[in-house]
Amino acid sequence: MSIIIHEALRAYIDPLTEHEFTALERSILTEGCRDALVCWGEILIDGHNRYAICQRHNLPYNIVQNDNFSNIEDVQLWMIDNHLGRRSVTDFQRGMLALRKKEIVLARMKAQEEQAPSANAESEVAVPIVKPTQSRQEIARLAGISSNAVVQIEKIQKAAAPELVQAVRDGTISISAAAAIASLSNEDQVAAVAGGRKELQQAARQVREKVREQKAPAKPVAAEASAPAAMEGRQDSTSSNVSNADELNSLRQQVLHLQTENSELLSQIAALKAQLAG
């Protein structure tokens, strides 16, 4: 039978690295194509690399049919689950596959919601729409990776330059380091990739240090902000003490003045008594 290569499906799954393709080719040349190709009708849905190697060397291969699909989205979901079950898939690839599955599921949910009103109007019976939760924890569980890794892969998916994504796929840089570098401009990302592993590691380290520096001033700033208030408190206290001392001195002076006046009055009274007695 003729085999049709669906370009969108072939590009849907990350291709093998040069080393992996060479190893597979060596195995097929030695042992033959042991695993059958899987087709949906005439469309090849699994075994693209095996098919390419067999075609190159004119080697025989077997085909099995899988007709349990209603549309291309069913095929994509099957391909994702099929690849997630393989041990050779990296953590980054697992995360990307799980996120792609999330996109398909969410698109289906949206389509169901849009079609639900007309369907319900005809049947006059409410048809519940099943909404599977697509939390990061569930995506992580599906991919077999941590929730933190899912967050980092989402950041790479949204902000990383193609060159940086390829570096992660090739294993040149870790997921966490790539997520850090993805915060840089595309030009800086490409330059870091061009510099090789050491340059990528250095760029990731600089980004992390910058983030730490931005977070570090938070506490000192609070301390500095409280310092003027404390100084004002001390100044107010000092001013209050000075004011109290001035008032005390003023009272003392008034007492001395009154005592002097009292003495003078007593002297005058004594003089008047002496005159009267004479």
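Values reported hereafter were calculated over all heavy atoms of this structure, with side chains retained and with hydrogens, waters and symmetry mates removed.
Across all non-hydrogen atoms, the minimal contact from S183 to V207 is OG-CG1, 3.6 Å. Closest approach of I63 to C39, counting heavy atoms only: CG2-SG, 3.8 Å.
Using a 4.5 Å cut-off between side-chain heavy atoms of Ile, Leu, Val, Met, Phe, Trp and Tyr, with links allowed through other members, V151 and V211 fall into different hydrophobic clusters. Hydrophobic clustering, with ILVMFWY side chains joined whenever heavy atoms are under 4.5 angstrom apart, groups L77 together with V38. Linking ILVMFWY side-chain heavy atoms closer than 4.5 Å, directly or via other members, places I45 and V89 in a single hydrophobic cluster. Criterion: ILVMFWY side-chain heavy atoms under 4.5 Å apart, direct or through other members. Under it, L59 and I3 are not part of a common hydrophobic cluster. Side-chain heavy atoms closer than 4.5 Å link hydrophobic residues (I, L, V, M, F, W, Y) into clusters, and following such links, even through other members, never connects L16 to F92.
The CG atom of L142 lies 6.5 Å from the CG atom of D81; values are rounded to the nearest 0.5 Å. Note that the CD atom of Q152 and the OG atom of S146 stand 7.0 Å from one another [nearest 0.5 Å]. To the nearest 0.5 Å, the span separating CZ on R100 from NE2 on H83 amounts to 10.0 Å.
Within the 4.5 Å cutoff, the side chain of R212 has heavy atoms near those of the R208 side chain. The closest side-chain heavy-atom distance from H19 to T22 is not below 4.5 Å.
The local environment of CD in E18 is sparse, with at most 12 non-hydrogen atoms from other residues, nucleotides or ligands closer than 6.0 Å.
With respect to R108 and D74, a salt bridge is recorded, a charged nitrogen being found less than 4.0 Å from a carboxylate O. The pair D46-R86 meets the salt-bridge criterion, since a charged nitrogen lies less than 4.0 angstrom from a carboxylate oxygen.
Side-chain contact, H57 with E25: a donor N or O sits under 3.5 Å from an acceptor N or O.
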### Task
Test K102 against E154 for side chain to side chain contact (heavy atoms under 4.5 Å, CB included), laying out the working first.
CA-CA 12 Å; K102 172 188 174 182; E154 284 181 314; 4.0 Å; yes
### Message
Using the rule given for side chain to side chain contact (heavy atoms under 4.5 Å, CB included), can you reason through L84 versus R94, listing the C-alpha separation, both sets of side-chain angles and the distance that settles it, and then say yes or no?
### Response
CA-CA 6 Å; L84 285 173; R94 289 180 179 280; 4.0 Å; yes
### Message
Is there a side chain to side chain contact (heavy atoms under 4.5 Å, CB included) between W40 and N66? Walk through the geometry before answering.
### Response
CA-CA 5 Å; W40 176 42; N66 190 337; 5.8 Å; no
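Panel note: side chain R197, backbone I173; no donor-acceptor pair is recorded below 3.5 Å.
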